[in-house]
Amino acid sequence: MKGLQLIATGGALPGRLVTNEDLSQLVDTSDEWITTRTGIRQRHFCAEGETATTLAVAAARQALARSGLAPEQIGCCVCGTLSAQYATPSTACLVQKELGLPQDIPVLDVNAACSGFIYGAGVARGLLAMRENDTRRYALVIGCEQLSRLMDMTDRSTCVLFGDGAGAAVFELAEDDGFAIDLGARGDMAITTPAGGPIGMDGRAVFRFAVDALPRTLHAVLEASGKTLEDLDWVVCHQANSRIIDHCVKKLGADPAKFYKNMDRHGNTSAASIPVALNELAEQGRLTPGMRIACIGFGGGLTWGGMLITVKGRAV
Ligand code: ACO
């Protein structure tokens, strides 16, 4: 079966660092409350001149440069986001323009909230497979968010959770029996964001959903690929809350060292969280050729998505 293999990654974090202490000056909260309930210690917000678009372009440019590919070799560009600067043109079209990607390829944004990067990869795989006689078998997939634009900074139950950022990956469509992808959704108002904001959420309902969706989706991709948890080098989950990941590690009886976490430094960056995490692993030299990674997203929609990929070549 043809699947996506990871060729290269890129990332971009905006310039304004906001600590829990900073937020405690704005709302009735504390570093202790936020850290123990979520694992989050700080997050980055866009500074003057930074937007979801500038972050997406920077992350995508870095991933493309590290892939060693020319822009002409890219066969599609898909961006997962719920906080795009413009409804149209899509973020992906703006990336296409900035990077000089071909004009005769599909280029679009996908909104599946925190599952957006996995959904984006699924769409990209379908688009590449649809054009199987095309030699451009590489996809540029991005997750980017400027959630600070959509937050009610007087609502302590949400404003402490989110951050801005972008991550990108170049994938190759190649024969790979170890590849698997599983996408699903259940229409539900547990997380809502009207156009223009603010983000609203029933935190406890989302927690219950997440601790069910995460292990279920991981099992689904493992079963589809005939692999076990032991075959995985990394599990890169959506970085909503460290307690959600800890809960699942316990439920699965898994090795916690395989479950990468970075929400302490970035908060919840929705569709960007998985590619930002992949990029950090790559930059730390911890993604090497042949490694198998499960990426699991879950979030607004409600949506969920899992993907089991192999690292091809050096990811950075
Ligand atoms: N600081 C201090 N107190 C707070 C804060 C805060 N930032 N936020 C809420 N509280 C208070 C509440 O007002 C409440 O007070 P009360 O008992 O006097 O009414 C108390 O803390 C408990 O509130 P809960 O919402 O019940 O707190 P809970 O323990 O459920 O933790 C949290 C909230 C962290 C959001 C938790 O529900 C959670 O992790 N849910 C998962 C949701 C999530 O991660 N969403 C991310 C976005 S969606 C996604 O990415 C999938």
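Residue numbers run from 1 in the order of the sequence given. In listed order, ligands and their atoms are each counted from 1.
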K.L.:
Establish, from distance only, whether the side-chain atoms of Thr81 and Asp109 form a donor-acceptor pair under 3.5 Å.
P.N.:
no
K.L.:
Output yes when Asp246 and Lys261 qualify as a salt bridge under the 4.0 Å nitrogen-oxygen rule, no when they do not.
P.N.:
yes
K.L.:
Please state which protein non-hydrogen atom is closest to atom 48 (S) of ligand 1 and give its distance, to 0.1 Å?
P.N.:
Ile191 CD1, 3.2 Å
K.L.:
Going by the side chain to side chain donor-acceptor pair (under 3.5 Å) test, name the single residue among Thr91, Thr54, Thr53 that passes it with Gln85.
P.N.:
Thr53
K.L.:
Under 4.0 angstrom from atom 16 (P) of ligand 1, is there any protein heavy atom?
P.N.:
no
K.L.:
Measure the distance from atom 11 (C) of ligand 1 to every protein heavy atom, then report the residue, atom name and distance (to 0.1 Å) of the closest one.
P.N.:
Arg156 NH2, 3.5 Å
K.L.:
For the residue pair Phe171 and Phe117, does the interplanar ring angle fall in the parallel (under 30°), tilted (30 to 60°) or perpendicular (over 60°) class?
P.N.:
tilted
K.L.:
Which residue owns the protein heavy atom closest to atom 1 (N) of ligand 1, what's the atom, and how far is it?
P.N.:
Thr29 OG1, 2.6 Å
K.L.:
I need the nearest protein heavy-atom contact for atom 22 (C) of ligand 1: residue, atom name and distance, please.
P.N.:
Arg37 NH1, 3.8 Å
K.L.:
May I ask you to check whether His44 and Glu50 show a side-chain donor-acceptor distance below 3.5 Å?
P.N.:
no
K.L.:
Counting only heavy atoms closer than 4.0 Å, does ligand 1 sit against the backbone of Trp33, its side chain, both, or neither?
P.N.:
side chain
K.L.:
Identify the protein heavy atom lying closest to atom 36 (C) of ligand 1, giving its residue, its atom name and the separation to 0.1 Å.
P.N.:
Arg243 NH2, 4.0 Å
K.L.:
Should the pair Asp182-Arg216 be classified as a salt bridge under the 4.0 Å nitrogen-to-oxygen rule?
P.N.:
no
K.L.:
Write out the residue and atom name of the closest protein heavy atom to atom 46 (C) of ligand 1, then the distance separating them to 0.1 Å.
P.N.:
Asn268 ND2, 3.2 Å
K.L.:
State, without any angle test, whether Ser83 and Glu145 hold a side-chain donor-acceptor pair at a distance under 3.5 Å.
P.N.:
yes
K.L.:
I'd like to know if Ala210 contacts ligand 1, where contact means a heavy-atom distance under 4.0 Å to any ligand atom.
P.N.:
no
K.L.:
Say whether Asp28 and ligand 1 are in contact under the criterion: heavy-atom distance to a ligand atom below 4.0 Å.
P.N.:
yes
K.L.:
If you measure every N or O of Gly300 against every N or O of ligand 1, does any of those distances drop under 3.5 Å?
P.N.:
no
K.L.:
Considering only protein heavy atoms, which is closest to atom 40 (N) of ligand 1, and at what distance to one decimal place?
P.N.:
Gly203 O, 2.9 Å
K.L.:
Going by the order shown, which atoms of ligand 1 are within less than 4.0 Å of some heavy atom of Cys114?
P.N.:
49 (C), 50 (O)
K.L.:
I need the contact type for Asn241 against ligand 1. Using non-hydrogen atoms and a strict under-4.0 Å cut-off, is it side chain, backbone, both or neither?
P.N.:
side chain
K.L.:
Should you measure from each heavy atom of Phe207, which atoms of ligand 1 turn up under 4.0 Å away?
P.N.:
38 (C), 39 (O), 40 (N), 41 (C)
K.L.:
How far apart are the closest heavy atoms of Gly184 and Tyr119, and which atoms are they?
P.N.:
O-OH, 2.8 Å
K.L.:
Look at atom 25 (O) of ligand 1 and say which protein heavy atom is nearest, naming residue and atom and giving the distance to 0.1 Å.
P.N.:
Arg204 NE, 4.7 Å
K.L.:
Measuring only between side-chain heavy atoms, which start at C-beta, is Leu23 closer than 4.5 Å to Met153?
P.N.:
yes
K.L.:
Give a yes/no verdict on whether any heavy atom in Phe162 is under 4.0 Å from an atom of ligand 1.
P.N.:
yes
K.L.:
Can you give me the closest heavy-atom contact between Ser270 and Leu147, atom names plus distance?
P.N.:
CB-CD1, 3.8 Å
